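Order of the sequence lines fixes the chain letters, A, B, ..., with proteins taken first and strands second; residue numbering starts at 1 for each chain. As the structure is a prediction and not an experimental result, all values here were calculated from the model.
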Protein chains: 2
Amino acid sequence: MEDGDGSREGRIPLSRQRVLDHAVAVADAGGLASLTMRSLAKELGVRPMALYHYFANKDEILDGIVDQVFSEIELPSPGGDWREEITRRAASARSVLRRHSWAIALMESRSTPGPANLRQHEAVLATLRGAGLSLEMTGHAYALLDAFVYGFAIQEAALPFDTNTTPEVVAAIAARFSGGDYPYMQEYATERAMKPGYDFGDEFEFGLGVILDALERLAGPMRASLPRGAEA
Amino acid sequence: MEDGDGSREGRIPLSRQRVLDHAVAVADAGGLASLTMRSLAKELGVRPMALYHYFANKDEILDGIVDQVFSEIELPSPGGDWREEITRRAASARSVLRRHSWAIALMESRSTPGPANLRQHEAVLATLRGAGLSLEMTGHAYALLDAFVYGFAIQEAALPFDTNTTPEVVAAIAARFSGGDYPYMQEYATERAMKPGYDFGDEFEFGLGVILDALERLAGPMRASLPRGAEA
DNA sequence: ACCTGAACACCGTTCAAGT
DNA sequence: ACCTGAACACCGTTCAAGT
């Protein structure tokens with residue numbers, strides 16, 4: 001994974017973007033704990049202090065990679081069918097957060113949204129308002145949709161198994177419930193979760209569908225796209 | 001906040017529970033980053049290495065405080081009205097995660113659930129199954145409900161303002177949107193979020209209500225409580 | 001059994017310096 | 001402007017030791 005010989009010749013020069021790209025790669029590969037100023041510098045073929053020429057401190061880098069992750073999420077386009085657009089954006093957010101699950105932990109602690117985050121907000125608001133939702137209903141819809149998307153990402157990240165967990169590991173987990181202390185968990189595990197074809201990920205489509213159906217019903221008949229507040 | 005004079009006389013002896021209680025208090029007061037083996041030891045009036053007599057390492061303490069947080073969430077009782085019970089449990093989870101918002105970041109990274117977490121799962125499954133939901137619908141309902149609860153907690157934790165933010169701060173945030181780049185965000189901010197009486201927290205009741213209404217409809221007429229899988 | 005002291009390999013970051 | 005070296009005050013943790 002090292003990409004430098006240490007010599008300055010032929011080195012791609014540092015830049016904010018290059019630092020952030022490598023920071024994301026380091027976190028993807030080894031988790032958030034493995035991302036240190038020193039490990040990041042080594043990955044870039046540079047001394048730790050060089051990073052401080054582009055970022056005031058590590059927190060600024062963390063803010064940067066969170067926004068980098070947001071920038072990977074597809075924006076809904078306010079022109080199209082709102083349900084289709086919102087679904088596409090939600091699915092994209094889910095897959096991005098699955099790729100970079102360390103980002104979820106960071107989202108909780110940083111409260112200054114970056115530009116990609118703001119663009120994301122703007123596009124979702126535009127899509128919902130464009131579909132004719134009232135301001136109040138737009139707020140309801142957005143909070144509910146994003147809570148679901150982020151919460152689902154937490155659940156997926158915390159799952160003790162993913163799609164390619166060995167049967168041995170699954171059996172070990174199941175053994176914890178077989179003492180009789182957790183009859184309902186045991187029922188769910190044996191009668192459903194361990195059945196072939198079961199995939200927790202399918203709950204995403206189900207949940208999102210439930211939410212969108214409800215919003216559609218609550219918002220009344222959707223008007224065709226009539227953008228407001230953007231006519232200036 | 002120091003509670004010891006350093007002398008061993010009269011010191012409450014260490015124990016796993018005492019360590020965890022203080023660890024939660026430290027994280028509540030100063031955030032997760034402020035919780036170090038050394039700061040925790042100082043808070044307990046003890047040397048850092050004493051902690052290793054009760055926990056193998058810091059990770060075990062982190063697992064412990066996550067489960068401690070889960071233990072604060074009210075369990076639904078399978079006997080009562082399912083909607084009421086699930087609502088009470090969700091509201092409790094939200095307020096607990098608001099009190100300990102650092103726990104959200106930890107939930108993502110630890111995948112071995114503690115006893116309080118398991119009890120929580122068992123009680124929710126019992127409540128849903130007791131209400132007559134099929135195994136499949138129970139899985140759908142649980143995933144959707146918890147995604148919403150956890151996701152809402154992230155959103156609340158990431159909010160740049162809480163209920164007692166000064167108007168100056170609010171104005172500073174609003175100023176970022178007034179450049180014309182974000183017309184829909186500006187509309188939402190000025191026409192709704194900054195209006196007196198607006199409270200993001202109200203979206204919790206709305207979203208939970210939408211989800212419960214949908215589940216009620218999908219599950220068909222609820223049978224009276226008929227526990228299954230626990231008759232042994 | 002319960003706690004401590006010294007030490008090791010790490011952190012983020014400052015400050016002064018090199019080119 | 002861009003990067004470095006040495007140093008400081010921290011980390012988690014090992015190991016051997018005290019009572």
Side-chain angles (χ1 to χ4, degrees), chain A residues 1-24 26-27 29-66 102 105-106 109-110 112, chain B residues 1-24 26-27 29-66 102 105-106 109-110 112:
Chain A
M1 284 300 161
E2 287 286 333
D3 58 359
D5 58 342
S7 79
R8 199 104 95 264
E9 335 297 321
R11 277 257 99 266
I12 305 161
L14 239 39
S15 69
R16 280 182 72 93
Q17 192 54 56
R18 223 173 93 74
V19 170
L20 292 181
D21 287 344
H22 279 76
V24 167
V26 169
L32 202 53
S34 79
L35 176 63
T36 69
M37 298 301 271
R38 290 160 136 104
S39 70
L40 180 53
K42 181 166 267 177
E43 197 71 26
L44 286 157
V46 101
R47 303 290 164 179
M49 285 315 300
L51 301 171
Y52 289 83
H53 229 263
Y54 298 88
F55 298 88
N57 47 42
K58 188 178 178 181
D59 261 22
E60 217 176 274
I61 295 183
L62 295 180
D63 283 335
I65 57 177
V66 168
W102 45 263
L106 286 181
S109 53
R110 1 238 88 230
T112 40
Chain B
M1 282 298 159
E2 288 284 333
D3 57 1
D5 58 344
S7 79
R8 197 104 95 266
E9 335 297 321
R11 277 257 99 266
I12 305 161
L14 238 42
S15 70
R16 280 183 71 93
Q17 192 53 56
R18 223 173 92 75
V19 170
L20 292 180
D21 286 344
H22 278 77
V24 168
V26 169
L32 202 52
S34 79
L35 176 64
T36 69
M37 297 302 271
R38 290 160 136 103
S39 70
L40 179 52
K42 181 165 268 179
E43 197 70 26
L44 287 157
V46 102
R47 303 290 162 180
M49 285 314 300
L51 301 172
Y52 289 84
H53 230 265
Y54 298 88
F55 297 90
N57 47 43
K58 188 179 178 179
D59 261 21
E60 219 176 272
I61 295 183
L62 295 180
D63 282 335
I65 57 176
V66 167
W102 45 263
L106 287 181
S109 52
R110 4 239 83 230
T112 40

Q) To the side chain of A:Ala50, which of C:dT13, C:dA1, D:dC3 is closest? A) D:dC3
Q) Contact class for A:Met49 vs. all strands (heavy atom < 4.0 Å): base, sugar-phosphate, or nothing? A) base
Q) Which nucleotide, C:dG12, C:dC3, C:dT13, lies nearest any side-chain atom of A:Arg38? A) C:dG12
**Q.** Pairwise side-chain contact, A:His22 with A:Arg18, heavy-atom cut-off 4.5 Å (strictly under)
**A.** yes
Q. How do A:Ala56 and A:Ser39 order along DNA chain C: which one's closest nucleotide is nearer the 5' end?
A. A:Ser39
Q | Nearest atoms (heavy-atom pairs only) where A:Trp102 meets A:Ile65 | A | CZ3-CD1, 3.6 Å
Q: Whole angstrom is fine here: how far is it from CG in B:Asp59 over to P in D:dC11?
A: 17 Å
Q: Name the pairing partner of D:dT14, where a pair is Watson-Crick or G-U wobble with both distances under 3.5 Å, or state none.
A: C:dA6
Q | Identified side-chain contact (heavy atoms from CB on, under 4.5 Å) partner of A:Val26 from the options A:Thr36, A:Leu35, A:Leu32, A:Asp21 | A | A:Leu35
(Q) How many whole angstroms separate atom CZ of B:Arg18 from atom P of C:dC2? (A) 14 Å
Q: Round to the nearest Å and state the distance from B:Leu40 atom CG to D:dC11 atom P.
A: 12 Å
Q. Could you state the NZ-C1' distance from B:Lys58 to C:dA9, rounded to the nearest angstrom?
A. 16 Å
Q) Considering all heavy atoms of both residues, which atom of A:Tyr54 and which atom of A:Arg16 are nearest to each other, and what is their separation? A) O-NH1, 3.0 Å
Q: Round to a whole Å and report the spacing from CG of B:Leu44 to C1' of C:dT4.
A: 15 Å
(Q) Please give me the minimum heavy-atom distance between B:Arg110 and B:Asp63, naming the atom from each residue. (A) CD-OD1, 3.0 Å
Q | B:Tyr52 side-chain N/O to D:dT13 phosphate OP1/OP2 under 4.0 Å | A | yes
Q) With a 3.5 Å cut-off and just heavy-atom distances, do the side chain of B:Arg47 and the base of C:dG5 make a donor-acceptor pair? A) no
Q. Quick one: which of C:dG12, D:dC2, D:dG12 gets closest to the side chain of A:Met37?
A. C:dG12
Q: Could you check whether B:Tyr54 gets within reach of a base, just the sugar-phosphate, or nothing at all, counting any heavy atom under 4.0 Å?
A: sugar-phosphate
Q) How many Å lie between NE2 on A:His53 and C1' on C:dT14, as a whole number? A) 14 Å
Q: Rounded off to whole Å, could you give me the CG-to-C1' distance for the B:Leu14 and C:dT4 pair?
A: 13 Å
Q. Atom NZ of B:Lys42 and atom C1' of D:dC10: how far apart are they, to the nearest Å?
A. 12 Å
Q: Go ahead and name the base partner of D:dA1; Watson-Crick or wobble counts if both distances stay under 3.5 Å, otherwise write none.
A: C:dT19
